[in-house]
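I'd like to ask some things about the structure below.
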Amino acid sequence: MSRRTMIEAIRDAMAVAMERDDNVVVFGEDVGYFGGVFRCTQGLQQRFGANRCFDAPISELGIVGAAVGMAAYGLRPCVEVQFADYVYPAYDQIVSEAARLRYRSNGDFTAPLVIRMPAGGGIFGGQTHSQSPEALFTHVAGLKTVVPSNPHDAKGLLIAAIEDDDPVIFLEPKRIYNGPFDGHHDRPVTPWSRHPLGEVPDGHYTVPLGRAALRREGAAVTVLAYGTMVHVAEAAAADCGVDAEILDLRTLVPLDLDAIEASVRKTGRCIVLHEATLTSGFGAELAALVQGACFYHLEAPVLRVTGWDTPYPHAQEWDYFPGPVRVARALLQIVEA
Amino acid sequence: MSRRTMIEAIRDAMAVAMERDDNVVVFGEDVGYFGGVFRCTQGLQQRFGANRCFDAPISELGIVGAAVGMAAYGLRPCVEVQFADYVYPAYDQIVSEAARLRYRSNGDFTAPLVIRMPAGGGIFGGQTHSQSPEALFTHVAGLKTVVPSNPHDAKGLLIAAIEDDDPVIFLEPKRIYNGPFDGHHDRPVTPWSRHPLGEVPDGHYTVPLGRAALRREGAAVTVLAYGTMVHVAEAAAADCGVDAEILDLRTLVPLDLDAIEASVRKTGRCIVLHEATLTSGFGAELAALVQGACFYHLEAPVLRVTGWDTPYPHAQEWDYFPGPVRVARALLQIVEA
Amino acid sequence: MADVRPLTLRVPEPAVRPGGTPVFADIATSEAGAVRRPPIDVAADDIRDLAYAIIRVLDDEGRAVGPWAGTRDDAEALEGLRHMMTLRAFDARMLMAQRQGKTSFYMQHLGEEAVSCAVQRALEPGDMHFPTYRQAGLLVAAGYPLTTMMNQIFSNAEDPLHGRQLPIMYSSKAFGFFSISGNLATQYIQAVGWAMASAIKGDTRIAAAWIGDGATAEPDFHAALVFASTYRAPVMLNVVNNQWAISTFSGLARGSSATFAARGHGFGIPALRVDGNDYLAVHAVARWAAERARANLGPTLIEYVTYRAGAHSTSDDPSAYRPKAEFDAWPLGDPVERLKRHLIARRAWSEERHRQGEAEILDTILAAQREAEAHGTLHSGPRPSARDMFEGVYATMPPHLRRQRQEAGY
Amino acid sequence: MADVRPLTLRVPEPAVRPGGTPVFADIATSEAGAVRRPPIDVAADDIRDLAYAIIRVLDDEGRAVGPWAGTRDDAEALEGLRHMMTLRAFDARMLMAQRQGKTSFYMQHLGEEAVSCAVQRALEPGDMHFPTYRQAGLLVAAGYPLTTMMNQIFSNAEDPLHGRQLPIMYSSKAFGFFSISGNLATQYIQAVGWAMASAIKGDTRIAAAWIGDGATAEPDFHAALVFASTYRAPVMLNVVNNQWAISTFSGLARGSSATFAARGHGFGIPALRVDGNDYLAVHAVARWAAERARANLGPTLIEYVTYRAGAHSTSDDPSAYRPKAEFDAWPLGDPVERLKRHLIARRAWSEERHRQGEAEILDTILAAQREAEAHGTLHSGPRPSARDMFEGVYATMPPHLRRQRQEAGY
Ligand SMILES: Cc1ncc(C[n+]2csc(CCOP(=O)(O)OP(=O)(O)O)c2C)c(N)n1
Ligand SMILES: Cc1ncc(C[n+]2csc(CCOP(=O)(O)OP(=O)(O)O)c2C)c(N)n1
Ligand SMILES: [Mg+2]
Ligand SMILES: [Mg+2]
């Protein structure tokens, strides 16, 4: 057990997976010698050699396309896309190839690969370093989509993702790489070393894909969140005093619908949070599922608190980000509904 | 006024737009000399010259990327992607460029372009000629997304899309190119000439983006559908005798929420239909919106009848397609709920 | 700037359209035997000219001549002939089956059988092809069961892909045939990735990437060249230039370059151009590239110059965009005829044995078809189950899909 | 196959890493004046060698020599010097402003000022550049107001893009500067599309596409070459090879090719390679390409060989991946120093006037900065409104966005 930032936990997950399985390879833009622009792969090339961890030309298409071929060969590539905003050139390889290879070949060929990408805003990255494209992956049959909210889960989920036999999209909320940012951007940053989930077991362990985690028990309303928004939800609940039950979904596909249903049936109210734009965001799926599964238990409509339907602006970042003030307002609104 | 298939109506829309505005250009794979694999651009090169309608190399990225540049110059490109299943190589140019150009340049540059693509299944096209990727566009701020269900609307909507100052994704349900297919695949095909909406005005007219059309008035349940599913909904209502109110959404973004709300408030029940996979499909957004806007009017949860969360299979096409039997079952179920 | 004239857009057009007289002025054919055969460790820069020539072995009299001759003996050439004849006859039967409604769709190889049949023989078991839909010769030449191919074409109860995939989009890991994607070009970079994986593991197996002339315009082609060039991946990069991409002639994708082989030059990748209708030349060139790759010398780009004599697919009618008799004017002839003449010239074959061979092959195919049809065809007889539609999306079925399968009643 | 040895993966590495002694053995510099200047209607094939040479005008003594000399007179060269000095000083001030927290992010041009400053002067008003984030020299040389640039850098109330876009991602149609995208390479094919549009309309305006060495690996680069080659678009295809792409050296993207200019060869696109730190050579080569394009002769690919002397961005520390003194070993020198020496040699300039010029430029920049700061900086003073965040997503705000704006309280 040691205290780790999310970056260190992610790096450790790759090291553990590479240590246990020769077939795990890591590559991407700047991930080799330099160790990644967020330092997530630092030291891996030195430790495992340039054969196992190397720099790639700037072609997300090439990175994912090559990874599909490698996976078909029998490797388990874990590749980095430098920012989730830059995944689109690889979108065809993900959607048309990785996601459907098992299905279309009836298991003759498979694509066990992981695509890691820093996502989300909060670093003044503007429209091209802030996006949360999870819904563009959850719509695609054959993909799994994971969004960790803390170092402990990040390591366990990433190891599980690498060991998974299907392609996994692994979105890393970059705003919480170094600490559990709760959306109070005007307050000092807390480091992970002061958060219980900054305690990361050494060696191998997994957090299974498809299981949500209860972050706060409560009776008044269920909050469904993932990534950075888990911490925003906690802050908002504390700020406004609403007795919220906060579920950290961790995996969007497959989704822990049982945990969601159980909680919403208990509280009778539900708020869904994400940073991505509202329309057709993953919150739409959550709201649709919750109203479908818990209709007769719901005392108020499911509310969504999300990014606006605009590109992520630069200067107005904090007006865009669904911070604790907006979430608290929604919490108060829903318990009164 | 003349009777036209949807293909003829679409072709006519382009001809009308090209005639009125020299800046309208049409290009794509096989669209020039040959007139498109579905013949939608037949005759345009002969009529307007190879300068205005021409073949493109097989690069969806190149087609859309070039179109963005042309639009920035001042043209109004209307390009064809041969099948919606092949749009992914162009996804980056659509999402990162066309959709955000106006915003990021504060209107200094804009991208008034239309991307036409045949979508949907029902032609034994298997996983690569059957997809309905609308939700991958509705999530992206800055795009408009249109899905016509008949020749009359197809022409009017396409002219409106070409004249629109923003990028428009124009999905053409290929299964209804030649007739109002209602999902009864074992019955003879009806041609458009026998359908009232096969009557297409000559010359210029528009169907404004953002307005739904009432296809059937009813009191028992609101059915939200678009494209082929409009006809499936009509058949299902007829088959099972449920007094459904059927709204043809026509434009998904911007959405005619007023019409949806008015109808659901009246009927108290709502079913959402689409061919795309369920999870994170556009039906999720519709269900989320409806439960949010009409919560206190709903007597049953919003139901979604959609394609399954699998790739579109070839031999099992009719097991995948959400046909009138499944829709009728849902209608009966919801009115009893 | 007053004297500047208005710009104009060039839209390349083929020399002839329907109604015109077919010409192939731009196919500058080299003499058989005329193009040199460099050592496999040649520097890319030293063979730039070879991207503009056409390597040919079979001359007009059917003799195998020049430095590229000799990679196949008569028995092997005969085997090649049989493969090509089988593929051609198979195509003819399946086209008929499609017209009879036994399958939804078919794509044939008429005129370009030599390419896939010969390349298959130049690689080793364990190597992996990443084919397009027009390389079924790879399966035929590898001895893949014709019945299994037909089972998939008919989407019947024995379809190895359980009806999920389109007809002809085969997959066979055991036969070194990667699952075909309906999306053009995507497999090109995957082949490079597979080859990189082989190199990472210190394996000896190599990969072969396949693409059509038209599809080289797709971005995956570029990614493949970049990655192959950077990591010096053990891969053959095959471009089948059959002159047409549905209705567009190869000049549209080629643009201002004289050849597709030249695309390799900007990447320092050695590039060869070969008569794709010359079985022996194709084999020799592919063998050269395979040896290079296996010797860790990296990728080779090969342009196979051939002609798509048939329609693009069963959904296509080429008479709308090219002269009907174009194939007759095609300067590189018919690959089956040319290899046959060679074997007859060498007295290893005869017209009579050829006719006999055709009949035997037809019998084999008919027998396979009877067997396949016993398992059903697209619209009649046994078929893959709807239940199966839900399988194989993931390694294990997640709860939401299980719920959907139940809802569907399976 | 028993004697086949295991394959290995080649991962290209730069000659030297931190701690090592910088070398640039692979930059084979030609003598100034040594490379011929072909007529603009030359066939691509006839100048293949020029993709492997380096066109230089300024020799070691600062003389302008050879066939490419003479496109700028002394007054114009002085103007160029002033542009480069302005850009360098501007960068220095803005780097400082970033460290002071007045902006979130900055990217500088140190060492490669000649490229964008000289190319700008080779085109005409009305032509359109599709730049990356490292061509602010295009704006400076066009006389775009420095204050306006700073307003955007500070995301203040006068930011022309209303705070929506990142600092330095400028946009100015009026100054022929297309909106910069944060996504690499996307603008390359757009430039070709813009050029095609100009040709479609019978216009006389041309486009210039810009990309870095690293980003040439992206698919849009390929699409641009394909489309430019096919439609013979009136476009300059500029590749700025500044040796680094964040932490990866140019050999990673270049792979087995000796140069990036050679990428044009497979497309039949004439390609030139030029000393990017030689203002006069850059101007001459760009002028040649612009004339070609405007004469309807189609695209030209130009590789500018230069060196990114500074960090990639304010988020980067290059000492982690390259020797600190690498710029000192860079064989092509400093573009400002070289042009200055030329002008002094021609007695059109002096050390003293240079110092004076620096001071004047700094004054101008400080004045601009004061003016800009009066409108606010990222975290203090006036700022773009949150209301504005909802504007400009569409031409007219759709109902759902209006609802959201109301919900947000604006
Ligand atoms: C990404 C993508 N775009 C478009 C298509 C539609 N399409 C199928 S085959 C084809 C032509 C391909 O031509 P070529 O690459 O020359 O191969 P050939 O058919 O001649 O063997 C096209 C455009 C597709 N399958 N995938
Ligand atoms: C599509 C995309 N992928 C990755 C990035 C991240 N990125 C920004 S700059 C850069 C390096 C670019 O290098 P180069 O093209 O040589 O340009 P230079 O910075 O040297 O001017 C990278 C990888 C990006 N902006 N866009
Ligand atoms: Mg072809
Ligand atoms: Mg660079």
Requested in this report: Heavy atoms only, distances under 4.5 angstrom: which of D:A199, D:G264, D:G268 has the most pairs with chain C? Name it, please.
Outcome: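 Most heavy-atom pairs under 4.5 Å with chain C: D:A199.
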
**Report entry** Donor-acceptor contact below 3.5 Å, side chain C:R10 vs main chain D:T230
**Finding:** yes

Report summary line: When the 4.5 angstrom heavy-atom criterion is applied to D:A293 and chain C, the contacting part is backbone

Report task. Identify which of D:I200, D:L225, D:D45 forms the greatest number of heavy-atom pairs closer than 4.5 Å to chain C. Result ->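 The residue among D:I200, D:L225, D:D45 with the greatest pair count is D:I200.
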
Requested in this report: Output the distance between atom CZ (D:R263) and atom NE2 (C:H265), rounded to the nearest 0.5 Å.
Outcome: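 Rounded to the nearest 0.5 Å, the CZ-NE2 separation comes to 13.5 Å.
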
Requested in this report: Against chain D, label C:F227 side chain, backbone, both or neither, depending on which of its atoms sit under 4.5 Å from a heavy atom there.
Outcome: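 Neither; nothing under 4.5 Å.
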
Query raised in the report: Which residue out of D:A253, D:S256, D:P234 racks up the most heavy-atom pairs below 4.5 Å with chain C?
Result: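 Looking at each of D:A253, D:S256, D:P234 in turn, D:S256 comes out on top.
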
Query raised in the report: Can you tell me how far the CD1 atom of D:I206 sits from the CG atom of C:L7, to the nearest 0.5 Å?
Result: 8.5 Å

Query raised in the report: Parallel, tilted or perpendicular: which describes the rings of D:H222 and C:F221, with under 30° parallel and over 60° perpendicular?
Result: tilted

Report summary line: Applying a strict 4.5 Å limit to non-hydrogen atoms, the region of D:F260 in contact with chain C is neither

Report summary line: The residue among D:E291, D:E124, D:R294 that forms side chain to side chain contact (heavy atoms under 4.5 Å, CB included) with C:V4 is D:R294

**Report entry** Leading residue by heavy atom contact count with chain D [cutoff under 4.5 Å; candidates C:D203, C:N296, C:V226]
**Finding:**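 That would be C:N296.
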
Requested in this report: Kindly compute the distance separating OH (D:Y231) from CG (C:L252), expressed to the nearest 0.5 Å.
Outcome: 5.5 Å

Report task. For each of D:M196, D:K201, D:R254, tally heavy-atom pairs with chain C at distances under 4.5 Å, and name the one with the top tally. Result ->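 Answer, by heavy-atom pair count under 4.5 Å with chain C: D:M196.
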
**Report entry** For chain D, the option from C:S229, C:P219, C:A223 that forms the most heavy-atom pairs under 4.5 Å
**Finding:**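 Greatest number of close heavy-atom pairs with chain D: C:S229.
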
Report task. Name the region of D:R48, side chain, backbone, both or neither, that has any atom closer than 4.5 Å to a heavy atom of chain C. Result -> side chain

